[in-house]
Number of protein chains: 2
Amino acid sequence: MNAPEAEFIPRRSLHDELTARVRALITEGALAPGEKIPEKELCERFGVSRTPLREALKVLASEGIVTLRPNRGARVSALTAAELEEVFPVMGALEALSGEIACRHISDAEIAEIRALHARMVEHWRAGEREPYFRLNQAIHEAILEATRNETLKSMYRGLAGRLMKARYIANMSPERWAAAVAEHQAILAALERRDGIGLSAILKAHLAGKLATVKDWLERQEPPGNGAARQAD
Amino acid sequence: MNAPEAEFIPRRSLHDELTARVRALITEGALAPGEKIPEKELCERFGVSRTPLREALKVLASEGIVTLRPNRGARVSALTAAELEEVFPVMGALEALSGEIACRHISDAEIAEIRALHARMVEHWRAGEREPYFRLNQAIHEAILEATRNETLKSMYRGLAGRLMKARYIANMSPERWAAAVAEHQAILAALERRDGIGLSAILKAHLAGKLATVKDWLERQEPPGNGAARQAD
DNA sequence: CAACTGAATTATGAATTCATTATTCGAGTC
DNA sequence: GACTCGAATAATGAATTCATAATTCAGTTG
């Protein structure tokens, strides 16, 4: 007889859990770009030895989130303006593709789900609440990605997005840009409802260009121009 | 006094070297898809302990080349037909993008270089020499990628290509498909010389579709249809 | 003789230990 | 007083060790 509740799950290995945890620390800003990653402290914090943590760091390094210099430890990768210009065309291509594919597979239920997310997001926009706006915004893009049913595309896109998904970018978005972003989202929803892959593809690409502008702007304020290399540590 | 030859030299860490070595073993076919990766033997073979090897395996797993099942070790990821259908649209988008960007940056010298590679490749085609044809073919695509000057794009593309860059695919390409591929390469070269990004983009996408057909065909022969899961080991 | 049980073996996951390299800090020199 | 050199300290990289889970295989039972 089989176990009544097969209960797959949490067979996650330690290093796997750690990659997720450290990644979260980084994307949530607890570890700032350029900052050194203190192996010892993280080990104590999570109550694990260095071995699995180091494995996790290697993986994050291969994702580009972390930079590893031989015998000098790990640092959070600092995104330079030049790098941004590199990343965005690639994200644009993937985002466009995701829109195209999503339209071919998305169900009515999924569209309804996104419509609901969109409505809530607009509410937060009206209320000027940036934090929850950002979360819903992200949820919508995630839902579109999910609708592609393409694991490869999902993991590629997430890998790139992970390098710049900081809630704080949105903090200094101008009201005009913000309004434009909401309008773009309106168009995104409309294209989805028409299942217009080509159209959605184009809108998403434009939408991303807007985001690029926002992030570049944010970056400027972080590293005042003329200062080639950002501060190494705090 | 400084050493006469500053000799940067391979300050490469062991795990880094190992990732490359094991990756090579896989893409060159020494380790077949589905096959279990014997930690112990590889350690002896390379004369290292398990720690750096395991780190390497984690990285390869994050690239998708290797599959890690908790407490059950590592296996070379077997590419299923379904997965192929997933990977190709993404590669297509990246390949198209690389053509577009390459045309904006490529130098005359680089075009000349590619022209030379192309000429040699055509010679091998005429002679029916598949192995060297394959190498030059790969070199041309690599050169285009290089011309994008976009590290992000390069590493993304290579990551995907690594999952299906097996020289052996080409072994069962039909003469007709082979001739068509050569013709496509002719068009690729022409578009490059015109620096026609849009055109190149389209040709590369079509070219990749041809490759998809070749690989699918090859895969069919490896796993006779009706046999859902490939053999686990040999 | 097939199928199951459970001990022996082996492999994996993670902690610990060891060696080597960077970094810090202080003494000595110009 | 600033700089250099060098010892002490701390960190990293890799090997080893230890605990645990999976696999194998012999013995048993139906």
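As a basis for the values below, the full set of heavy atoms in this structure was taken, side chains included, without hydrogen atoms, waters or symmetry mates. Everything quoted here is computed from the prediction, not taken from an experiment.
Atom CG of residue A:Leu97 and atom OH of residue A:Tyr157 lie 12.0 Å apart, to the nearest 0.5 angstrom.
What separates CD of A:Glu41 from C1' of D:dT12 is a distance of 15 Å, to the nearest Å. In this structure, CD of A:Glu39 is placed 14 Å from C1' of C:dA15, rounded to the nearest angstrom. In this structure, A:Lys40 atom NZ and D:dG13 atom P are separated by 16 Å, rounded to whole Å. Across the protein-nucleic acid pair, B:Leu18 atom CG and D:dA14 atom C1' stand 11 Å apart, rounded to whole Å. Note: CZ (B:Arg72) to P (C:dG13) measures 11 Å, nearest angstrom. Per the geometry, CG belonging to A:Asn71 stands 7 Å off P belonging to C:dT21, to the nearest Å. The CG atom of A:Leu14 sits 11 Å away from the C1' atom of C:dA15 (whole-angstrom rounding). For the pair A:Leu42 CG and D:dA11 C1', the interatomic distance rounds to 14 Å; values are reported in whole Å.
Distance from the side chain of B:His15 is smallest for D:dA14 among the nucleotides D:dA15, D:dA14, C:dG13.
The residue from A:His141, A:Lys205, A:Lys211 that alone fulfils the side chain to side chain donor-acceptor pair (under 3.5 Å) condition with A:Glu95 is A:His141.
The nearest heavy atom of DNA chain C to B:Ile37 and to A:Val48 marks one nucleotide each, and the one closer to the 5' end goes with B:Ile37.
Between the side chain of A:Glu220 and the backbone N or O of A:Asp217 there is no donor-acceptor pair closer than 3.5 Å.
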Please evaluate residues A:Glu28 and A:Arg21 with respect to the criterion salt bridge (Lys or Arg N to Asp or Glu O under 4.0 Å), reporting the C-alpha separation (whole Å), side-chain torsions for both, the decisive distance (0.1 Å), and the verdict.
CA-CA 10 Å; A:Glu28 273 155 31; A:Arg21 297 289 194 101; over 6 Å; no
Could you give me the CA-CA distance, side-chain angles and deciding distance for A:Lys58 and A:His15, then say whether side chain to side chain contact (heavy atoms under 4.5 Å, CB included) is met?
CA-CA 10 Å; A:Lys58 302 281 187 306; A:His15 88 267; over 6 Å; no
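Around the CZ atom of B:Arg177, the shell of radius 6.0 Å holds more than 12 heavy atoms that belong to other residues, nucleotides or ligands.
Looking at B:Thr67 and B:Ser77, their side chains do bring a donor and an acceptor atom within 3.5 Å of each other. Donor-acceptor pairing under 3.5 Å is recorded for the side chains of A:Thr152 and B:Glu86.
Non-hydrogen atoms lying under 4.0 Å from DNA chain D are contributed by B:Pro52, all within residues 52-68 of chain B.
Legend: side chain to side chain donor-acceptor pair (under 3.5 Å) pairs involving residues 40-51 of chain A, not counting sequence neighbours, sorted by first then second residue: A:Glu39-A:Arg50.
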Polar atom pairs between nucleotides 16-19 of chain D and protein, under 3.5 Å, N or O only, would you list them?
residue: D:dT16; atom: O4; partner: B:Thr51; partner atom: OG1; Å: 3.2

